[in-house]
Amino acid sequence: MQLNIRLNTEAVADTSASDALKDASKRKQASNETLDEAWVRILSGKHSDSDLRKLHEVKRAMSEGIIGREPLKVGKKSMPKFSKAEALRIWSQLSEMQRESKLAELVANTPSNYVLVTDVGELKALVDRAMNEPIIAVDTETTGLDVYVDVIVGVSLTLPIENVHYYIPFEPTNDERALPAEHIEILRPLIEGTSVKKVLHNALYDMAMFRRHGIELLGVAWDTQHAMHMLNENESDTTPNKPYALKHLATKYLKEPSDTFGELFGRGAKFAEIPLDIALVYGAKDTDLTWRLYEFQSQHLAKYPEMYEYYTTVEVALLYVILDLEENGYILDLDFAKQYGQQLAEQAESLKAWIIEFISPYHEGEDVINLNSGQQMKPALSKAIGKELPNLDAKRTLKPLKDKHEVIAKLLEYKRITKLSGTYIDTLPTKQHPKTKRWHSRFNPMGTVTARFSSGKDDESSVEQFNVQNQPYDARKMFVAPKGKVLVSADFKAQEIRCVASMSQEPALLEAFKLGRDPYAMLAMQYTGLPYEQVNKNPDGSDTEWRKKMKVAWLAWLYGASDFTLGDWLGTTKTEAGKFMGELKESLPTLSAWLDGNVDFVKRNGYVWMHKNQRKRRLPAAKWKRKFINGDYNDPKFATERIHNGKISGALRMATNARVQGSSAIQTKVTMVKSHEYCKTREGWALWATVHDELIFEIPDDFTREDIEAIRKLMTDSYTFEGVENGTDIEVMTVWGEGMTPTEWFKSKEETG
DNA sequence: ATTCTGAGCCAC
DNA sequence: AAACGTGGCTCAGAAT
C-alpha cells in the first residue's frame with residue numbers, strides 16, 4: 001500500500017506523454033479500490049487540523065452507517081473515485097443532519113419551567129411577580145449586532161425564587177404570536193427599577209440594546225462574562241475559541257453541555273426567524289445558565305472578600321461608564337484628514353519613486369519591487385549597502401544606518417508615512433457610523449490579563465470600531481471637540497512609579513514624591529551619592545546622563561529585562577550592565593527586596609496580588625520545574641524543553657509587572673467611576689476617553705478655574721496609594737494633542753476678550 | 001476568494 | 001541559554 005501511494009504522488013507530478021499508459025492502468029486500479037483503501041489514501045495526504053477532524057468524523061459516521069456516499073449522478077455509469085472533496089461535502093451534510101436532530105431533541109426536552117410569554121396580561125403579571133424578586137437574570141435577543149441600529153426581538157428573564165425561565169418574543173419576530181414591539185414598555189419598571197438587581201452575561205450589549213428602546217437597564221449587579229475574567233484571566237489557555245462565551249463556560253463549569261448560537265443555527269442566522277418553540281428553549285436557557293453561572297461565581301468570589309468588593313463596586317459600576325463612553329464616541333475633522341492624507345500620499349509617492357529607482361538594480365524578481373515586502377527588501381537593501389541585514393526593524397537595524405545611506409533614510413521616512421496614512425489618516429475616516437455620524441471606539445474591560453482596558457474592534461459587533469488607545473500624535477490631530485466644548489486631559493503623573501513607591505515603601509521614592517522631586521533623579525542620587533541638582537537636569541534643561549540611565553534601568557527592572565538586554569539598551573556590555581544592576585540593588589535595598597519578594601511569592605503560589613488583594617494575576621508557570629538540558633541548548637531536539645523553560649522565565653518576569661500595571665489600572669478605573677458620577681451632576685460634561693494613565697473629559701468651553709480644580713481633585717483624591725500623593729497634569733484642547741495649560745487658556749481668553 | 005500567521009509598529 | 005511588560009492594526013505571503 002505504501003508503494004502505491006508513492007506511485008500515485010509521482011503520477012500527479014509527472015505528466016509526460018510517455019506515462020499516459022501507466023496512468024490509465026492506475027485509474028483502473030483506483031476504480032477497484034475499496035472504501036477502506038480510499039480512506040487510507042485520503043488520510044495519508046496533507047490536511048489542515050480542521051479538515052483532518054472532519055475527515056475522521058465522516059469516516060466514523062460512514063462506518064456506523066449513519067451516512068453513506070453521495071448518490072450516483074444522473075447519466076454517470078459508475079461511481080466516481082471517493083475523494084477528499086466528496087468526504088468534505090458529506091461532512092457538511094452530516095453536520096446539517098446533526099444540527100437538525102439536536103434542535104429537535106432540544107425542543108422535545110424543553111424543561112417544564114421554561115415558559116413562552118405571548119399574552120399581554122401574562123406579561124404584566126410576570127413583571128409584577130418579578131418586582132418581588134431581589135435579583136433576576138436578564139438577556140436580550142436582537143435583529144443583529146449593531147447596538148445603534150438593531151432592535152430587540154425577545155427578552156429572557158429568570159426568576160430564581162419562582163424558579164421559572166421566561167422568553168418573551170417581540171415584533172419583528174417572524175411569528176404572529178410575538179407581542180407588538182411597543183409592549184416592551186411593560187418591562188420598563190422592571191428594567192429601570194434599581195430595587196430588583198440584574199445578572200447578565202456580557203451586560204454592555206443588553207444595556208445598549210435596551211437604550212435603543214429608550215429604556216435604561218439599571219441595577220446591574222453581576223456580569224458573568226466579566227466576572228469569569230476576574231476569576232480566570234487565562235481561560236483562553238484551555239478554550240482558545242471564544243473562551244468566555246456563555247455556552248463554553250456552562251459546558252466547562254456547570255457541566256452542562258451547550259452549543260453556541262452559531263453551532264446551533266449556523267452562521268448568519270437571524271434570531272427573529274427562529275421558530276418560537278426553538279427560540280424559547282434557546283432564549284430561556286440563556287438566563288437559566290447565566291443564573292447558575294452567577295451562583296457558582298459569586299460563591300467562589302465570596303471567598304476573597306477584597307476581590308468581591310472590588311468586582312461588585314468598581315468593575316460593575318464601570319459598565320455604566322463604558323456604555324456612555326462608547327456611545328458618546330468621537331468627531332473627526334474630515335476636511336483636515338483629507339487634505340493631510342493627500343499631502344502624505346504625495347510625499348510617499350515621490351519617496352517610493354526614488355527608492356525604487358535606486359534599489360531596482362539590486363532586486364532579483366521580475367516584478368517591480370514591493371517596498372512593503374520584507375522578503376523582497378531585505379536581500380535588495382543588503383546588496384545595495386553591501387552589508388547583510390538581519391531584519392528591517394526600523395528602530396534597531398535601519399536607524400543606526402540612516403546617516404550613512406540615503407536610501408535607508410528615505411525608506412524610514414517612507415515607512416513612517418505609509419504607516420501613518422495606511423493605519424490612521426486614510427483608514428479612520430471610513431469608520432464613521434452611518435446612523436450616529438460619529439466614530440465609536442471600544443473599551444474592553446476584560447481585554448487584558450492585567451486589568452487594563454484594551455481597545456479596538458469587538459468581534460461580536462457589526463459597528464465599525466477602532467483602537468483609540470494607540471493613536472499616534474499625528475493622527476490625534478483629526479479628533480476635535482464637539483461644538484461648544486473643549487477636551488480636558490488629565491494624566492496620573494508618574495503613576496506606575498508612585499504605585500511602586502507605595503507598594504515597596506522604598507525611601508528614596510517616597511522621599512521624591514514627598515518633596516515633589518523627580519523620582520529617577522532621586523534614585524540616581526541614592527546610587528551615585530551626588531547632589532540632586534547634579535543628576536537631574538542639565539543647565540540647558542535637558543536630562544543628565546544619570547537621569548537617562550536611571551530611567552532605562554528602571555524599565556529594565558520593572559520588565560525583568562536581562563543583563564544582556566540592559567547592556568543593549570545602555571550601549572554597554574552584558575557584564576557592565578550586570579555590574580550596574582548589582583550596585584543599584586545594593587544602594588536601594590528596600591526596593592530590591594520588594595522586587596525579589598514578588599518573584600519568591602509567584603514561585604511559591606503561582607499568582608500575584610494587585611493592590612490590596614483586589615485582583616489576581618495567575619501565573620501558573622512560575623511554579624513549574626525547569627527542564628534540564630544536557631547538551632547544546634540550541635539543538636532543535638530540545639525545542640519542547642526550551643519552550644517550557646521560556647514560559648517559566650516569562651512568568652517570573654511578569655510577576656512584578658502585573659502587580660504594577662494592574663494596580664495602576666485599578667486606580668484609573670476607580671477614578672473613572674468617580675469622574676463619571678461627577679460628570680452626571682454637571683450639564684454638558686462627559687468622559688471622552690481613557691488611555692491607561694490618562695482620563696479625557698469633554699466639558700462646555702465656558703468652564704471656570706473651579707471646574708479645572710474639580711477635575712484635579714477627581715484625579716488626586718479618587719484613589720490613593722498609601723504614603724504617596726497623586727499628581728496630575730491637566731491640559732485644555734479643542735483638537736486632541738494640541739493642548740495648553742489651563743493658565744494659558746484663561747490668559748488667552750482674557751486677551752481676546 | 002477567504003482565513004491565518006508573522007513582521008513590524010502604533011500606544012502606554 | 002535566552003534575552004521587554006500590556007495591547008491592536010496593516011500588510012505580505014502562505015494556506016486553504
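Atom set for the values below is all heavy atoms of this structure, side chains included, hydrogens, waters and symmetry mates excluded. Residue numbers begin at 1 in each chain, while the letters A, B, ... track the order of the sequences. Small disclaimer: the values here were computed from a predicted structure and weren't measured.
Rounded to the nearest Å, the gap between the P atom of B/dG8 and that of C/dA3 is 16 Å.
The minimum heavy-atom distance linking A/I417 with A/A348 is given by the pair CG2-CB, 3.9 Å.
The A/Q376 side chain lies nearest to C/dG13 when the options are C/dA3, C/dG7, C/dG13. Across C/dG13, C/dG5, C/dA3, the shortest atom-to-atom separation from the side chain of A/F564 is found for C/dA3. If you check C/dT10, C/dG7, C/dG5 against the side chain of A/N470, the one that comes closest is C/dG7.
Proximity of a side-chain donor or acceptor of A/R615 to a complementary backbone N or O of A/M230 within less than 3.5 Å is not detected.
In this structure, A/I369 atom CD1 and C/dA12 atom P are separated by 13 Å, rounded to whole Å. At whole-Å resolution of the value, CG in A/L428 and C1' in C/dG8 are 13 Å apart. Rounded to an integer number of Å, the gap from CG of A/D632 to C1' of C/dA2 is 13 Å. Atom CG in A/N598 sits about 16 Å away from atom P in C/dG5, given to the nearest Å. Distance CD (A/Q375) to C1' (C/dA12): 8 Å, rounded to an integer number of Å. At whole-Å resolution of the value, CG in A/D563 and C1' in C/dA2 are 12 Å apart. Note: NZ (A/K431) to P (C/dG8) measures 13 Å, nearest angstrom. As rounded to whole Å, 17 Å separates atom C1' of C/dA2 from atom CZ of A/F628.
Separation of the A/H226 and A/Y311 ring centroids falls under the 6.0 Å cut-off. Taking the centre of each ring, A/F479 and A/W736 come in below the 6.0 Å mark. Between A/Y559 and A/W557, the gap from one ring centroid to the other reaches at least 6.0 Å. Ring centroids of A/W624 and A/H644 are separated by less than 6.0 Å, placing the two rings close together.
Residue contacts for A/N645: at a heavy-atom cut-off of 4.0 Å it reaches no nucleic acid atom on any strand shown. A/G374 comes within contact range of no nucleotide atom at all, as no heavy-atom separation falls under 4.0 Å. Backbone-only contact: A/N370 has heavy atoms under 4.0 Å from sugar-phosphate atoms and none from a base. Contact annotation for A/Q469: backbone-only contact, meaning every heavy-atom pair under 4.0 Å involves sugar-phosphate atoms and none involves a base. The residue A/L392 sits close only to the backbone: its heavy atoms come under 4.0 Å of sugar-phosphate atoms, none of a base. As judged by a 4.0 angstrom heavy-atom cut-off over every strand, A/T427 is placed among residues touching the sugar-phosphate backbone only. Residue A/R476 is classed as a sugar-phosphate contact, given heavy-atom separations below 4.0 Å to backbone atoms only. Residue-level contact check: A/Q471 touches the backbone only, with heavy atoms under 4.0 Å from sugar-phosphate atoms and none from bases. Within 4.0 Å (heavy atoms only), A/R416 reaches no atom of the nucleic acid at all. At the heavy-atom level, A/A665 lies nowhere under 4.0 Å from the strands shown.
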Next item on the list: Could you walk me through whether A/S489 and A/M733 pass the side-chain contact (heavy atoms from CB on, under 4.5 Å) test, one step at a time?
Entry: CA-CA 8 Å; A/S489 79; A/M733 323 170 271; 3.7 Å; yes
Next item on the list: Tell me, with the steps shown, if A/T668 and A/Q495 meet side chain to side chain donor-acceptor pair (under 3.5 Å).
Entry: CA-CA 9 Å; A/T668 300; A/Q495 185 185 33; 3.1 Å; yes
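With sequence neighbours excluded, the residues that form a side-chain contact (heavy atoms from CB on, under 4.5 Å) with A/V670 are A/V314, A/I666, A/K674, A/Y719. Partners of A/T238 under the side-chain contact (heavy atoms from CB on, under 4.5 Å) rule, at least two apart in sequence or in another chain, are A/E235, A/K252. The side-chain contact (heavy atoms from CB on, under 4.5 Å) search around A/T397 returns A/L389, A/P390, A/N391, A/D393, not counting sequence neighbours.
If you walk DNA chain B from 5' to 3' and mark each nucleotide with an atom closer than 4.0 Å to a heavy atom of chain A, the marks span B/dT3 to B/dC12.
The rotation axes computed at either terminus of the helix from B/dA1-C/dT16 to B/dC12-C/dG5 lie 0° apart, taking five pairs at each end and rounding to 10 degrees.
For A/N372 and C/dC11, the shortest distance from a side-chain N or O to OP1 or OP2 is not below 4.0 Å.
The side-chain tip of A/K419 does not point at the ring of A/Y424 from less than 6.0 angstrom away and within 45° of straight on. Judged by the 6.0 Å distance and 45° axis criteria, A/K477 is positioned over the aromatic ring of A/Y340.
The stretch residues 449-463 of chain A touches DNA chain B through A/R452, each having a heavy atom under 4.0 angstrom from the strand.
Remark on DNA chain C: of its neighbouring residues A/R642 and A/Q465, the 5'-side contact belongs to A/R642, judged by nearest-heavy-atom nucleotide.
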